Amino acid sequence: MAVFSYLYNARAVSLFHSLPVTRCGLFWTSWLSGLAFLLVPNVLVFLLTLAVEAAAGTVALWATVLWLLSLSLMELFFYSFAVLCAMFTGHLAALPVFYGIFNCLVAGITFLVVELARQMVFGFVTPPAFVSDLASWLTPVLQLSRQVYPTPSGAIAQGAGPLQGFFYILVYALVGMAFTILALVLYRRRQLERAGDIVAVSWARPVFKYGVAVCVALALGTLLYAFFLGALPSSIWSLLLFLVPSGLIGYFAAEMILRKSFRVFRRGWKGACVLTAILVAVCAFLDLDPTGYETRVPELSEIKSVTFSGGATAPYDGASGSNITFTEAEEIAWVTGLH
């Protein structure tokens with residue numbers, strides 16, 4: 001926000017770009033200046049730590065160097081991510097909002113979709129492993145918090161390094177460099193007259209509008225559905241009654257933000273109809289189940305065992321909460337016949 005603040009004021013952006021400096025020069029000057037705010041304190045702490053270790057008579061050089069490298073590479077990624085967000089907006093206050101949302105957007109959407117599927121799709125329990133892995137990779141804070149941690153002292157004594165998960169740090173650092181190049185490309189093509197707009201990239205404006213609409217529909221719609229669950233039939237069409245109004249709220253709110261006006265209903269009704277049609281189509285797809293997901297019963301050759309979880313029926317003794325596992329072919333055939 002500090003080093004790229006001139007992009008968000010019409011007079012400042014005109015002044016800076018009237019100077020005899022190319023856009024590449026302005027970009028790299030601002031990028032390096034911002035990164036220096038992070039890296040210079042790291043180097044100072046590194047040197048002070050070495051001085052304290054030397055004074056104590058024990059210098060853990062490898063561990064201290066690894067700390068400096070790991071922290072600096074993580075800061076490189078998150079800073080480059082923030083710079084990329086800065087290129088998409090023309091409003092200073094929108095930059096931290098976008099940055100915060102994009103850091104957890106994929107994990108949040110995945111959670112909402114999975115919870116919705118558990119309620120509306122019979123037989124759905126957990127998503128495939130690759131979906132969870134992808135959501136974790138696309139949520140850097142979550143992935144790094146899970147994969148990067150200090151090595152236990154016992155493992156260090158056996159020759160392991162002091163830090164686990166450095167590979168993930170390196171991967172995100174490379175992605176951060178790619179983000180930097182992409183941010184430079186966006187900067188060179190940036191429409192300077194977009195200063196003050198929430199979304200400064202033309203092709204990203206409809207993505208922002210429909211993205212906000214879908215996110216609000218999922219979040220607010222499912223919340224309202226859960227609130228009124230006892231008063232309505234439990235079905236996908238009852239959920240649709242809340243998804244559509246919530247999605248329209250998000251759609252017109254985004255339209256107002258983009259156009260900087262409350263008078264958006266006359267020009268935005270076509271997009272609202274498109275959004276409504278998409279939500280209805282998705283609900284119809286889930287209800288009709290054209291893929292046969294809900295009705296599919298595995299073949300006997302594909303089933304190794306079947307487990308019944310506690311039935312919780314009378315008599316309420318110790319057995320009512322027990323699991324029963326079938327492994328015999330005849331017993332499994334009974335279960336598939338029941339399904």
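FYI, the numbering just counts along the sequence from 1. Computed from heavy atoms alone, side chains included, the values below leave out hydrogens, waters and symmetry copies. The shown structure was predicted, so the numbers you read here are calculated from the model rather than taken from an experiment.
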Taking every non-hydrogen atom, the tightest pair across L248 and A272: CD2-CB, 3.7 Å
Within the 6.0 Å centroid threshold, strictly below: F88 and F98: no
Smallest separation among heavy atoms of A94 and T89, with atom names: CB-OG1, 3.4 Å
Closest heavy-atom pair and its distance - F179, S80: CB-O, 4.0 Å
Whether W137 and F167 hold their rings parallel, tilted or perpendicular, with breakpoints at 30° and 60°: perpendicular
V141 reachable from L138 in the ILVMFWY side-chain graph, under 4.5 Å edges: no
Residue pair T64 / T49, side-chain donor-acceptor N/O under 3.5 Å: no
More than 12 heavy atoms of other groups within 6.0 Å of R118 CZ: yes
Whether F77 and F81 hold their rings parallel, tilted or perpendicular, with breakpoints at 30° and 60°: tilted
Side-chain donor or acceptor of E115 paired with backbone N/O of L112 under 3.5 Å: no
More than 12 heavy atoms from other groups under 6.0 Å of CD on E302: yes
Donor-acceptor contact present, side-chain E294 to main-chain F122, <3.5 Å: yes
More than 12 heavy atoms of other groups within 6.0 Å of W269 CH2: no
Whether S238 side chain and S234 backbone form a donor-acceptor pair below 3.5 Å: no
Check: L240 main-chain N/O paired with Y225 side-chain donor or acceptor under 3.5 Å: no
V185 with V83, same ILVMFWY side-chain cluster at under 4.5 Å: no
S70 (side chain) donor-acceptor with W67 (main chain) under 3.5 angstrom: no
Side-chain donor or acceptor of D197 paired with backbone N/O of V199 under 3.5 Å: no
Point-to-point distance, once rounded to the nearest 0.5 Å, from CG of D287 to CE of M120: 10.0 Å
Test item: D289 side-chain N/O and F285 main-chain N/O as donor-acceptor pair under 3.5 Å: no
Polar contact flag, side-chain donor to acceptor under 3.5 angstrom, T325-S305: no
Derivation of the side chain to side chain contact (heavy atoms under 4.5 Å, CB included) call for L105 and I109: CA-CA 6 Å; L105 179 64; I109 292 179; 3.7 Å; yes
P162 and P150, any side-chain heavy atoms less than 4.5 Å apart: no
Derivation and outcome, ring pair (Phe, Tyr, Trp, His ring centres under 6.0 Å), residues Y172 and F78: CA-CA 9 Å; Y172 279 114; F78 285 106; 7.5 Å; no
Side chain to side chain contact (heavy atoms under 4.5 Å, CB included) between T22 and L26, intermediate numbers included: CA-CA 6 Å; T22 64; L26 289 172; over 6 Å; no
Expected output: side-chain R194 to main-chain G90 donor-acceptor under 3.5 Å: no
ILVMFWY network linking M177 to M87, side-chain heavy atoms under 4.5 angstrom: yes
Aromatic ring pairing F27/F4, orientation class (parallel under 30°, perpendicular over 60°, tilted between): tilted
Transitive ILVMFWY side-chain link L66 to V45, under 4.5 Å: no
Exercise: identify the closest heavy-atom pair between A12 and N9: N-OD1, 3.0 Å
Between T151 and Q164: side-chain donor-acceptor atoms closer than 3.5 Å: yes
Side-chain touch V274/Y210, heavy atoms, less than 4.5 angstrom: yes
Contact check, side chains of L218 and C215, non-hydrogen atoms, under 4.5 Å: no
Trace of the side chain to side chain contact (heavy atoms under 4.5 Å, CB included) decision for L7 with F16: CA-CA 9 Å; L7 289 176; F16 271 74; over 6 Å; no
Salt bridge (Lys or Arg N to Asp or Glu O under 4.0 Å) between E255 and K270, intermediate numbers included: CA-CA 12 Å; E255 189 82 1; K270 295 181 180 179; over 6 Å; no
Check: L223 and F227 side chains under 4.5 Å, non-hydrogen atoms: no
Heavy-atom donor-acceptor pair, T139 side chain to C104 backbone, under 3.5 Å: no
Donor-acceptor contact present, side-chain R23 to main-chain Y187, <3.5 Å: yes
Heavy-atom neighbours of Y293 OH exceed 12 at 6.0 Å: yes
Derivation of the side chain to side chain donor-acceptor pair (under 3.5 Å) call for S136 and Q143: CA-CA 5 Å; S136 183; Q143 182 76 333; 2.5 Å; yes
F124 atom CZ: more than 12 heavy-atom contacts under 6.0 Å: yes
Close side-chain approach of L239 to L116, heavy-atom, < 4.5 Å: yes
Check: F228 ring centre within less than 6.0 Å of F242 ring centre: yes
Chi angles and distances behind the side chain to side chain contact (heavy atoms under 4.5 Å, CB included) call for L224, S246: CA-CA 9 Å; L224 293 175; S246 300; 4.0 Å; yes
In one Ile/Leu/Val/Met/Phe/Trp/Tyr side-chain cluster, 4.5 Å: L71, L163: no
